[in-house]
Each structure stands twice: as C-alpha cells, then as structure tokens.
*Asks:* 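Sharing a structure, written as structure tokens. Questions coming.
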There are 2 protein chains.
Amino acid sequence: MSDELLRALDQAGVRLTGPRREIAALIAKRNGHFTAADLIADASKRRLGVGRATIFRLLDLLAEQGLVERVDLPDGRHAYVPCEPSHHHHLVCVACGAIAEVEDCGIDAVTSEASRRSGFTIESHRLELFGRCPNCRSAN
Amino acid sequence: MSDELLRALDQAGVRLTGPRREIAALIAKRNGHFTAADLIADASKRRLGVGRATIFRLLDLLAEQGLVERVDLPDGRHAYVPCEPSHHHHLVCVACGAIAEVEDCGIDAVTSEASRRSGFTIESHRLELFGRCPNCRSAN
DNA sequence: GGGGTGTTGATACTTGGTCTCATTGTGTGC
DNA sequence: GCACACAATGAGACCAAGTATCAACACCCC
C-alpha cells in the first residue's frame with residue numbers, strides 16, 4: 001500500500017522516519033482525494049502524535065516527487081491526490097471524490113491553437129475535469 | 001473603463017454604492033490579474049476607507065456575474081482576472097501577469113475522450129495555460 | 001425628503017499553511 | 001555494533017486569505 005510512497009521517498013534521498021511511515025500509511029488508506037485537514041484529523045484520531053507541520057512538510061515532499069498533486073476543487077478548496085509521477089490530468093468525481101487519471105489526450109492541440117491565436121508561448125498548463133464516476137452516476 | 005462593471009452590476013439589480021464605484025475603478029485601472037490583497041492595498045493607499053469585507057463581497061458579486069474569474073497561479077496563490085462572461089479559458093503570462101482569453105479551441109474533444117476512457121460523466125472543467133506573452137518573450 | 005432595506009466597516013473568527021527553535025532519531029562512517 | 005552530524009520533528013506562534021456578525025449607514029423608490 002504505502003510501500004510505493006516509502007520507496008519513492010527513500011530514492012529521493014530523505015530519511016524514512018516513523019512519522020513519515022505513519023502518514024504514508026494514512027495516505028495509502030484513503031482512496032481518492034483528501035485534504036491536509038483530513039490527514040491531520042486522521043492522525044489525531046489515532047493519537048499518532050505527529051504535528052501539523054510534519055504533515056504539510058511530507059505533502060510538500062511528495063508533491064516535489066510528483067507522487068501527490070494539489071488539485072483545486074470547484075468550490076475553491078484544495079485537495080491532494082496520490083498519483084503517478086508522469087504528466088497527466090485528473091478527473092474528480094464531485095459526488096464521492098474518486099479520482100481517475102487521464103494521460104495526454106489531445107490537449108497539445110488545444111495549447112498550440114491557443115498559442116497561435118494569442119501569440120503567447122505556452123510553458124505549462126493545468127487541466128482539471130469534474131464530473132461523476134460510473135458508480136455515482138448509476139447510484140444517482 | 002469601470003463603466004462596464006458598473007453597468008453590469010446595475011443590471012444585476014444591486015445598488016450602485018460609493019464603495020462599489022471606487023473598487024470598480026481600481027479594478028479597471030489594473031490590467032491583467034490582481035489579487036484581493038492588491039485591491040485592499042490600493043484602497044488603503046488612497047485612503048478610500050473601504051473595508052476588506054466589502055472588497056471580497058464585490059469580487060464575489062462580480063464573479064457571480066462572470067465579470068471576474070478566479071484563477072490559481074502556478075505558485076498556488078490565487079488571483080482574479082476581469083473577463084467576458086462567456087465560457088473561455090485564460091492564458092496567464094508568468095512574467096508580467098498579462099492575461100489573454102481564449103474561446104473554446106478544441107477542449108471538447110479532450111473531455112469526451114477522457115470521458116470515454118474513464119467512464120466518468122464530465123460536468124465541468126478548468127483549464128489554465130501559463131506562458132509568456134509576446135512582449136515578455138521578446139524582452140526575454 | 002422619508003423610510004425600508006440592501007450595503008458597509010470594524011472586528012472577531014476560521015481555515016490553510018509557514019516559520020522557528022529546542023529536542024529527537026536516522027543513517028553513515030568507522 | 002556505536003557514536004555522531006545533521007535531517008527531521010512537534011509545539012506553538014505566526015501569517016494570509018477569506019467569512020461571519022452586527023450595528024450604523026446610504027441608496028433609491030415613492
């Protein structure tokens with residue numbers, strides 16, 4: 001579960017400490033997105049005794065490694081989603097919070113068209129898709 | 001300048017108060033994106049005596065009317081950009097903050113492809129493009 | 001020009017995140 | 001195995017962005 005996260009941290013050359021293992025386990029246990037507040041609540045519920053700062057620090061680290069990504073939900077809150085380090089986009093279920101990743105699927109055409117029209121050089125982009133996952137749609 | 005904003009507020013059926021005129025003028029005077037903090041600073045620099053809350057309230061109102069939109073900058077901060085009420089996306093110059101709007105330019109193909117692959121029904125999306133505007137690129 | 005009601009400013013509060021610093025725990029070299 | 005340098009930690013102060021509350025005010029319709 002959390003092994004991938006830990007392995008990646010190890011490869012990044014940082015120490016594998018107790019708190020990091022515990023937080024990684026909490027992240028692995030969640031599926032879909034979560035907020036920093038969720039993790040903090042989880043940690044305090046289980047009396048892990050890890051501080052808020054440590055959680056934010058680990059999230060930063062994971063984000064640097066591309067193992068976790070920040071997404072901005074439509075309501076303006078932000079969440080983190082565990083994911084593969086390759087470039088991709090997220091599909092977020094607005095009902096249950098499930099996440100799907102989609103690899104590049106034609107966005108380059110969009111960016112180059114936008115670039116052509118505006119004269120801008122495009123360096124990066126952010127695409128987030130919001131909708132309903134198959135389960136939530138059929139449950140309706 | 002700020003006339004469009006005021007006209008739109010009028011049409012929205014809200015009162016055209018002194019503070020609203022002043023804030024609208026501040027927004028009109030900026031080109032490109034700005035943060036709420038920018039407006040608050042502007043207002044206090046000119047001793048307009050408008051409160052923070054009023055500024056946030058007006059931004060909300062304008063956002064509801066689609067005259068202003070919140071974008072999340074790559075560094076995680078958020079900014080507001082004045083814009084047309086139709087659906088579109090923003091191109092943000094990372095060097096000077098200039099904004100260009102691009103109408104739909106093929107994103108539907110991307111969303112339907114993503115939908116097909118994932119089984120999600122897609123309800124909305126957010127696309128932000130970051131790069132350099134023609135001026136900043138030539139200035140290097 | 002009076003009055004109902006939408007709007008305002010001050011201020012307290014909340015949320016999400018960062019900084020600091022003394023203390024602790026890891027991994028490395030030996 | 002052990003010691004030690006230094007990365008990582010927790011507690012709590014701090015900060016920034018935004019929201020809630022509420023009495024006082026001002027717009028605009030009549």
Side-chain angles (χ1 to χ4, degrees), chain A residues 5-27 33-65 68-81, chain B residues 5-27 33-65 68-81:
Chain A
L5 292 176
L6 295 176
R7 202 164 31 231
L9 284 177
D10 195 28
Q11 286 192 338
V14 302
R15 294 186 180 170
L16 249 48
T17 65
R20 284 184 178 161
R21 290 169 203 275
E22 284 160 354
I23 302 169
L26 291 180
I27 292 176
H33 62 227
F34 55 87
T35 62
D38 289 336
L39 289 185
I40 292 166
D42 283 2
S44 89
K45 205 181 306 164
R46 311 187 165 210
R47 311 229 148 61
L48 297 182
V50 308
R52 276 161 45 81
T54 303
I55 290 179
F56 282 110
R57 279 186 288 236
L58 183 58
L59 286 173
D60 276 358
L61 251 176
L62 293 173
E64 258 170 45
Q65 307 301 316
V68 131
E69 202 165 297
R70 276 180 66 154
V71 303
D72 295 281
L73 270 22
D75 63 8
R77 298 197 343 248
H78 354 128
Y80 296 85
V81 313
Chain B
L5 292 177
L6 295 176
R7 201 164 32 231
L9 284 176
D10 194 28
Q11 285 190 340
V14 302
R15 293 187 181 169
L16 250 48
T17 64
R20 284 182 178 161
R21 289 168 203 275
E22 284 160 354
I23 302 169
L26 291 181
I27 293 177
H33 63 227
F34 55 88
T35 63
D38 290 336
L39 289 185
I40 292 167
D42 284 1
S44 89
K45 205 180 308 166
R46 310 187 166 213
R47 310 229 149 60
L48 296 182
V50 308
R52 280 161 43 80
T54 304
I55 290 178
F56 282 110
R57 280 187 288 238
L58 183 58
L59 286 172
D60 277 357
L61 251 176
L62 293 174
E64 258 170 44
Q65 307 301 316
V68 131
E69 202 164 297
R70 277 180 65 156
V71 303
D72 296 282
L73 270 23
D75 63 7
R77 300 199 340 249
H78 355 130
Y80 296 84
V81 313

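Proteins come first, then strands; the chains are lettered A, B, ... in the order of their sequence lines, and each starts at number 1. These numbers were taken from a predicted model, which means no experiment stands behind them. Side chains included, hydrogens not; waters and symmetry mates left out as well; all remaining heavy atoms used.
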*Asks:* For B:Val50 and B:Ile40, run side-chain contact (heavy atoms from CB on, under 4.5 Å): C-alpha distance rounded to whole Å, both residues' side-chain angles, the deciding distance at 0.1 Å, then the answer.
*Replies:* CA-CA 8 Å; B:Val50 308; B:Ile40 292 167; over 6 Å; no
*Asks:* Using the closest heavy atom to pick a nucleotide of DNA chain D for each, name whichever of B:Asp10 or B:Arg77 lands nearer the 5' end.
*Replies:* B:Arg77
*Asks:* Is the shortest side-chain N/O distance from B:His78 to OP1 or OP2 of D:dG18 below 4.0 Å?
*Replies:* yes
*Asks:* Apply side-chain contact (heavy atoms from CB on, under 4.5 Å) to the pair A:Ile27 and A:Leu59, showing each step before the final yes or no.
*Replies:* CA-CA 10 Å; A:Ile27 292 176; A:Leu59 286 173; 4.3 Å; yes
*Asks:* Round to a whole Å and report the spacing from CD of A:Glu22 to P of C:dG25.
*Replies:* 12 Å
*Asks:* Please give, in whole Å, the distance from D:dG18 P to A:Asp72 CG?
*Replies:* 12 Å
*Asks:* So, do B:Thr17 and B:Thr54 sit near enough that their side-chain heavy atoms are less than 4.5 Å apart?
*Replies:* no
*Asks:* Rounded to whole Å, please give me the gap between CG in A:Leu16 and C1' in C:dG27.
*Replies:* 11 Å
*Asks:* Given atom CD1 of B:Ile23 and atom P of C:dG9, what is their separation to the nearest angstrom?
*Replies:* 7 Å
*Asks:* Measure from the side-chain N and O atoms of B:Arg21 to the backbone N and O of B:Leu16, and report whether any donor-acceptor pair falls under 3.5 Å.
*Replies:* yes
*Asks:* Does the side chain of B:Asp42 reach to within under 4.5 Å of the side chain of B:Lys45, using non-hydrogen atoms?
*Replies:* yes
*Asks:* It should be established whether A:Arg15 places a side-chain nitrogen or oxygen under 4.0 Å from OP1 or OP2 of nucleotide D:dC6.
*Replies:* no
*Asks:* Mind checking whether A:Leu48 and A:Ile23 have side chains closer than 4.5 Å, heavy atoms only?
*Replies:* no
*Asks:* Check each residue of residues 48-61 of chain A for a non-hydrogen atom within less than 4.0 Å of any atom in DNA chain C, then write out the ones that pass by number, or none.
*Replies:* A:Arg52, A:Ala53, A:Phe56, A:Arg57
*Asks:* Do the ring planes of B:His78 and A:His78 sit parallel (below 30°), tilted (30 to 60°) or perpendicular (above 60°)?
*Replies:* perpendicular
*Asks:* Rounded to the Å, how far apart are B:Leu73 CG and D:dA16 C1'?
*Replies:* 15 Å
*Asks:* If I take atom CG in residue A:Leu62 and atom C1' in nucleotide D:dA8, what distance separates them, rounded to the nearest angstrom?
*Replies:* 15 Å
*Asks:* Specify the separation, in whole Å, of atom CZ of A:Arg21 and atom C1' of D:dT9.
*Replies:* 15 Å
*Asks:* Can a side chain N or O of A:Arg70 be found less than 4.0 Å away from OP1 or OP2 on C:dG17?
*Replies:* yes
*Asks:* Rounded to whole angstroms, how far apart are OH on B:Tyr80 and C1' on D:dA16?
*Replies:* 12 Å
*Asks:* Looking at D:dA7, I'd like to know if its phosphate oxygens (OP1 or OP2) sit under 4.0 Å from a side-chain N or O belonging to A:Thr17.
*Replies:* no
